[in-house]
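Structure first, commentary second.
Predicted model only: the values in this text are computed from it and were never measured.
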Amino acid sequence: MENECLANNCNFAGIRPAMADLPYPPIQVTARNQAYANLLSIDYCGSVSELSAITQYINNENRLSSSKCSLAKTILGIAIAEMMHLQKLGELVFLLGGDVSFTAKYQNGGAKPWTPAYLSTPDSARKMIIADIEAEKAAIKQYRVHMQMIKDNCVNAVLDRIIKDEEYHIMLLQVLLKEV
């Protein structure tokens, strides 16, 4: 008797980023600024960051795809949008004179490399979605704090646009929460 292969029948072809239907401002800065680059490095790869969001969403999608395909597809669409945010933040960090070494740089001079310990990986779909909503809210709060500290309208325009996607993600996740 031959070994039978197990397959996931959830087809992810054609999944698009889950984003607000608005254009992004140009990725540009008014001047190099290491302090601003460091702030954005936290959004890039700190505990509350785009890298953490991507990894958490992909982990959730992997664990849900065989049993809750439509939920997994939405989660993947959100993850793809977060990948686009990571790319835009990386460009801004570079333009500001920083580096994208997956190390968050803090005002006190400390630096901390990204770690999977930042993730929340509950077992149930409901708890996953709740954790994702909380992570989106934390990201919005952090972006707003950073926007108050950054006096560069070019950078803040991009952060404001990212916030619109994060708010859209919360709305999508709240709809999913009612379905599980």
Student check: side-chain heavy atoms of [X] and [Y] closer than 4.5 Å:
{"X": "Ser120", "Y": "Pro122", "result": "yes"}
{"X": "Asp132", "Y": "Ile78", "result": "no"}
{"X": "Met128", "Y": "Ile133", "result": "no"}
{"X": "Val93", "Y": "Asp43", "result": "no"}
{"X": "Gln107", "Y": "Asn38", "result": "no"}
{"X": "Leu159", "Y": "Ile150", "result": "yes"}
{"X": "Ile75", "Y": "Leu176", "result": "yes"}
{"X": "Phe12", "Y": "Lys73", "result": "yes"}

Above 12 or not: heavy atoms from other molecules or residues under 6.0 Å from [atom1] of [X]?
{"X": "Asn108", "atom1": "CG", "result": "yes"}
{"X": "Lys88", "atom1": "NZ", "result": "yes"}
{"X": "Asn62", "atom1": "CG", "result": "yes"}

Pairs flagged by salt bridge (charged side-chain N to carboxylate O under 4.0 Å, His left out) wherever residues 147-161 is involved - sequence neighbours left out: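 As it turns out, the salt bridge (charged side-chain N to carboxylate O under 4.0 Å, His left out) pairs with a partner in residues 147-161, which skip direct neighbours, are Asp160-Lys164, Arg161-Asp165.
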
Would [X] and [Y] show up in the same hydrophobic cluster when neighbours are defined by side-chain heavy atoms closer than 4.5 Å?
{"X": "Ile42", "Y": "Tyr36", "answer": "no"}
{"X": "Ile80", "Y": "Leu89", "answer": "yes"}
{"X": "Met84", "Y": "Leu86", "answer": "yes"}

Identify, with sequence neighbours excluded, every residue that meets disulfide bond (SG atoms under 2.5 Å apart) alongside Cys154.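 Testing Cys154 for disulfide bond (SG atoms under 2.5 Å apart), a comparison that skips the adjacent residues, returns none.
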
Under 30°, 30 to 60°, or over 60°: which ring-plane class applies to Tyr57 and His169, parallel, tilted or perpendicular? perpendicular

In plain terms, say whether Lys105 and Asp99 are close enough for a salt bridge, that is, a side-chain N and a carboxylate O under 4.0 Å apart.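 Salt bridge between Lys105 and Asp99, a charged N being under 4.0 Å from a carboxylate O: yes.
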
Stacked cation flag Lys112 on Tyr106, 6.0 angstrom / 45 deg: no

State whether a side-chain donor-acceptor pair under 3.5 Å links Asn60 with Gln56. no

Distance-only side-chain donor-acceptor flag, Trp114 / Ser52, under 3.5 Å: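 Yes, because at least one side-chain N or O of Trp114 sits under 3.5 Å from a partner of the opposite role on Ser52.
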
Among Tyr24, Tyr44, Tyr143, which residue satisfies the side chain to side chain donor-acceptor pair (under 3.5 Å) criterion with His85?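 Only one of Tyr24, Tyr44, Tyr143 forms a side chain to side chain donor-acceptor pair (under 3.5 Å) with His85, namely Tyr24.
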
